[in-house]
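This is a predicted model, so every value here is computed, not measured.
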Amino acid sequence: MKPQSATILVAWLALLIVGTPSFAVAQSSAPNCRNAAFYLRCGLKAAGIPELSATQLPSGEREIRFWVTSGNMMPDRLLILRQSGGRTSGRLFLLWIGTTVNSPQADTLCLERWSNGAGGLCDARTLQDHDWAAIVRRLDSTGLGDLPTAPVAERHCDDHFTPSPVPGRLPVDRICQLMVDGFTYAIEVRGGNDYWRYGFPRDPDQSSPWLRRDEQLLGILACAARTASDRTCDQ
C-alpha cells in the first residue's frame, strides 16, 4: 500500500466517523490473503476497511453497505453510506481479484488503489456527485428497515414431478431453475450494536407482497452505485 493512499483512506474514514477517533473493531477470523477465494474480504483488508459484522458504532450512527458481486465478472462493487452526527456521506469502491486492480481495465475505472495477494480495492470513478442524505431518506421511506423481518423468499422449487407423457420430454415448468451466472445483491446495516444482512433473492417469489419494495430498493441502490462508465438512470 502506498503511504499517500493509506493517508487518504484514513482521512475519509475520519470524515465518516464524526466525533469518534476510529472504528471499534471486534476480533474475527482473518482471511487467507494468499487465496483468491477470499478476495472480497482481502480487498477490504488491503484498504484498512473493517468488516461491518465485526464493527460496533456509537449510538446514533449508522452504516449501510450495498454489495454487487458475481465472482467471475470483475469488478464487484461496494457502496458504503454512513450517517454520523447529522451528516451523511457515501463512497463507491470496486473490488478485484489480486493484482487485477492494477490492470489496464482498472485504469479506466479506478482512482486510488490498494491490494494484497488475494484481493484489491479501489476508489471508483463515479458518474456524478450524489445527495447521499436524500438517497438514505429514500431508502428508509421505501422500507429498508423492513428487510430483516419481512424478507422476500426465493421462488418455490418443486423437484418432485411426474414425468411428461411425451417420450423424451421433461416437464420444464416443474424443474427448479438453475442459476450459474449473473449478479448477487446484498445489503448490510449496522446501527450501534445492531447488525443485519439481507441477500436479495435471485429468483424471487413473484407472489410476495414485498417484491415491489425490493425492486424499488434495488433501483435506488443500483443508481447510487454507478461508475463513470455506466449509463445514466432515472432514479
Side-chain angles (χ1 to χ4, degrees), residues 12 15-16 40 43-44 47 49 52 62-83 87-96 100-101 103-113 120-148 150-152 154-155 177 179-190 196-206 208-235:
W12 177 75
L15 286 175
L16 286 182
L40 292 175
L44 294 180
I49 302 175
L52 196 56
R62 181 168 63 152
E63 182 165 313
I64 301 167
R65 297 188 183 183
F66 175 58
W67 294 85
V68 182
T69 58
S70 67
N72 63 352
M73 297 171 66
M74 293 292 106
D76 294 327
R77 303 187 187 200
L78 170 60
L79 175 67
I80 299 182
L81 304 172
R82 187 67 177 271
Q83 293 176 295
R87 181 176 180 177
T88 304
S89 55
R91 197 168 180 184
L92 177 63
F93 295 106
L94 303 179
L95 293 115
W96 309 74
T100 56
V101 71
S103 67
Q105 178 193 1
D107 290 342
T108 64
L109 298 173
C110 290
L111 297 170
E112 293 293 328
R113 313 176 202 200
L121 178 146
C122 75
D123 259 325
R125 297 181 186 274
T126 55
L127 191 64
Q128 66 183 57
D129 293 330
H130 291 287
D131 183 341
W132 299 115
I135 288 172
V136 172
R137 286 194 299 269
R138 290 185 63 202
L139 292 172
D140 286 333
S141 64
T142 303
L144 175 67
D146 296 329
L147 294 181
V152 173
E154 294 282 351
R155 189 194 306 266
Q177 184 170 352
M179 290 190 160
V180 296
D181 205 348
F183 293 101
T184 297
Y185 304 95
I187 192 166
E188 296 178 279
V189 177
R190 166 71 77 178
W196 55 265
R197 181 184 185 280
Y198 180 79
F200 290 91
R202 296 190 59 184
D203 185 24
D205 177 6
Q206 298 299 306
S208 172
W210 303 105
L211 182 60
R212 179 58 179 162
R213 176 207 61 196
D214 276 21
E215 292 173 343
Q216 290 177 324
L217 288 171
L218 278 174
I220 296 168
L221 290 164
C223 280
R226 289 173 298 159
T227 69
S229 65
D230 294 324
R231 297 178 181 177
T232 58
C233 65
D234 296 329
Q235 292 287 338

Of Thr126, Leu78, Asp123, the one forming a side-chain contact (heavy atoms from CB on, under 4.5 Å) with Leu92 is Thr126
So CG of Leu221 and OH of Tyr185: to nearest 0.5 Å the spacing works out to 11.0 Å
In this structure, CG of Leu81 is separated from CZ of Phe66 (nearest 0.5 Å) by 10.0 Å
Nearest heavy-atom contact between Leu52 and Arg65 is N-NH1, 3.5 Å
Taken to the nearest 0.5 Å, the spacing of Cys110 SG from Trp96 CH2 works out to 5.0 Å
Do Tyr198 and Val152 have side-chain heavy atoms sitting under 4.5 Å apart? yes
Short side-chain to backbone donor-acceptor contact, Arg138 and Ile135, under 3.5 Å | no
On a heavy-atom basis, the closest approach of Ala124 and Thr227 is CB-CG2, 4.4 Å
query = Side chains of Arg91 and Ile49: closer than 4.5 Å at any heavy-atom pair?
reply = no
| said: Could you check whether Asp107 pairs with Arg125 (Lys NZ or Arg NE/NH1/NH2 to Asp/Glu carboxylate O, under 4.0 Å)? | reply: no
Quiz prompt | Carboxylate-amine/guanidinium proximity below 4.0 Å for Arg190 and Glu188 | solution = no
All heavy atoms of Ala186 vs all of Arg197, minimum pair found to be CB-NH2, 3.3 Å
Taking the side chain as every heavy atom from C-beta outward, state whether Leu147 and Asp214 have any pair of such atoms under 4.5 Å apart.
yes
Minimal heavy-atom distance between Arg226 and Thr232, with the atoms involved, is NH1-CA, 3.1 Å
Leu79 and Ala224 have their tightest heavy-atom pair at CD2-CB, 3.8 Å
Exercise. Side-chain contact test, heavy atoms from C-beta onward, threshold under 4.5 Å: evaluate it for Pro75 versus Gln105 and give yes or no.
Key: yes
Rounding to 0.5 Å, atoms CZ (Phe93) and CG (Asp76) come to a distance of 14.5 Å
Between Pro151 and Trp210, the two heavy atoms sitting closest are O-CD1, 4.3 Å
Separation between CD1 (Ile80) and CD1 (Ile64), nearest 0.5 Å, reads 11.5 Å
Here the gap from Thr142 atom OG1 to Ile220 atom CD1, rounded to the nearest 0.5 Å, amounts to 3.5 Å
* Under 3.5 Å donor-acceptor, Arg113 side chain and Val101 backbone -> yes
Would you call Cys122 and Leu109 a side-chain contact if the rule is heavy atoms closer than 4.5 Å?
no
| query | In terms of ring plane angle, is the pair His130 and Trp132 parallel, tilted or perpendicular, where the classes change at 30° and 60°? | reply | tilted
